[in-house]
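Below you'll find the structure, written out as structure tokens, and then a few comments.
Below, chains carry the letters A, B, ... as their sequence lines are ordered, and counting in each starts from 1.
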2 protein chains.
Amino acid sequence: MDNRQKILECALALFAERGYDAIGVQEIVENAGVTKPTLYHYFGSKRGLLEALLDRYYEEFDHLLVAAASYRGDLPLTLRRIAEVYFRYALDHPTYYRLQLSLGFAPQQSEAFQVVSGKNERQFSLVENVFAAAVRDHGNMRGRQRVYAMTFIGVLNACIVLAFNGYVHLDDRLLERVVHQFEHGIYS
Amino acid sequence: MDNRQKILECALALFAERGYDAIGVQEIVENAGVTKPTLYHYFGSKRGLLEALLDRYYEEFDHLLVAAASYRGDLPLTLRRIAEVYFRYALDHPTYYRLQLSLGFAPQQSEAFQVVSGKNERQFSLVENVFAAAVRDHGNMRGRQRVYAMTFIGVLNACIVLAFNGYVHLDDRLLERVVHQFEHGIYS
DNA sequence: CATGTATTATACCGATCGGTATATTTTTGT
DNA sequence: ACAAAAATATACCGATCGGTATAATACATG
């Protein structure tokens, strides 16, 4: 693997484990077995490194989410597909997903949040558009797309956090259960 | 107001705005109009300052949550009361709640997360116990307390984040709607 | 082989990091 | 009033921060 990749991987692991602000550039290059000028040659700055890191992983996630979030009249199916994307990505790239989660809730004026906020907004609007489209077929949902989208993502992330802490498994059973719960509530 | 309080208030504002790791002790004392030895006299360390900060605000939140989370056979009522506590606290202490939110999703090995993790777990178990107790009256909920508790908190925090970004108001209407949604799903 | 470009290392920059030794002021208890 | 204790300031510590000037190396292309 080339040095650029090594730096990205080490930075991902360290940022996800201890946080962007707590990790120094020196520690990244030591772990990657290179020196600082190499890092600055490829990424220009610590912020540029974070941007490259997020771009690389988010692109794939976004593609999957776009494909899953195409509403064609079957909301339960669409929600299941979206949940699949989230669960699958958290399973396949747990370190990255941990980082994305922590950055998504980082303070708004922090450098790390500013780097990730655009991606969060895009993610949110993709899900929101599903509910906005579904309103046409479910009249009594009108005007609630934002809350639906945000709470749906919140429910999925709640499951993912539980899974990261070893309390549940992100399998099909949980997915069906939690999407059903979101659609029909907790009593059935 | 005494210097101890001034330091706590300035630290809260700065930590919530830009993050614990991104704020230096120097910036805190400058904002508070004191010097570093004063801060270290009262709090011993930067970490001690964060602990004192979280203790002070979480204690009140915990009291409210304990009172709200006493399940006595009426789950809809209990959930509404819990949601009221979250919404009220986010409204009354928005800066603190922003900080608590960001720390709750911070990387697990970060200093800030370690300081707050115990409070998060306690918060979670208070809500989990409600669902555990409700299982006796709602047989078909068995074995799902953890997911119910985590997703319920996730839904509430999703609303609070939406409110912080100006998309919704944390009023009684939203509270009723979102608790109803959690209980009965999105179609009714 | 020659030459330009991309890559990497050594050694350093000023600034800031969390924290403190020492001394002085302010407050408190008697 | 006076002594002890609490509170605060000045000035500093070594370490680390993000970043870079310079030079050497590797590499691709003619």
Task: Rounded distance in Å - OH (B/Tyr42) to P (D/dA5) - done: 17 Å
Open item on the list: At less than 4.0 Å, is any side-chain N or O atom of B/Asn3 found next to OP1 or OP2 of D/dT8? Yes or no.
Closed with: yes
Open item on the list: How many whole angstroms separate atom CG of A/Leu39 from atom P of C/dA6?
Closed with: 18 Å
TODO: Ignoring backbone atoms, test whether A/His41 places a side-chain nitrogen or oxygen under 4.0 Å from the OP1 or OP2 oxygen of C/dT7.
DONE: yes
Open item on the list: Any non-hydrogen side-chain atom of A/Lys119 less than 4.5 Å from a side-chain atom of A/Asp55?
Closed with: yes
Open item on the list: Counting only side-chain nitrogens and oxygens, does A/Thr38 get under 4.0 Å of the OP1 or OP2 atom of C/dA9?
Closed with: yes
Task: Annotated protein contacts, base or backbone, on nucleotides 17-22 of chain C with a non-hydrogen cut-off under 4.0 Å, one of B, S, - each - done: SBBBB-
Task: Basic-acidic side-chain contact under 4.0 Å: A/Glu51, A/Arg47 - done: yes
Task: Euclidean distance, atom NZ of residue A/Lys6 to atom P of C/dT7 [Å, nearest integer] - done: 14 Å
Task: Atom-to-atom span, CD of A/Glu30 to C1' of C/dA9 - whole angstrom - done: 14 Å
Open item on the list: Assess, by modelled atom type and distance only, whether the side chains of A/Tyr58 and A/Asn120 contain a donor and an acceptor separated by less than 3.5 Å.
Closed with: no
Task: Lys/Arg N to Asp/Glu carboxylate O, B/Glu27 vs B/Arg18, below 4.0 Å - done: yes
Open item on the list: Can you confirm whether A/Asp172 is buried at CG, in the sense that more than 12 heavy atoms of other residues, nucleotides or ligands lie under 6.0 Å from that atom?
Closed with: no
- [ ] Flag this pair as yes if the NZ/CZ of B/Arg144 is under 6.0 angstrom from the six-membered ring centre of B/Phe131 and inside a 45 degree cone about the axis; otherwise no.
- [x] no
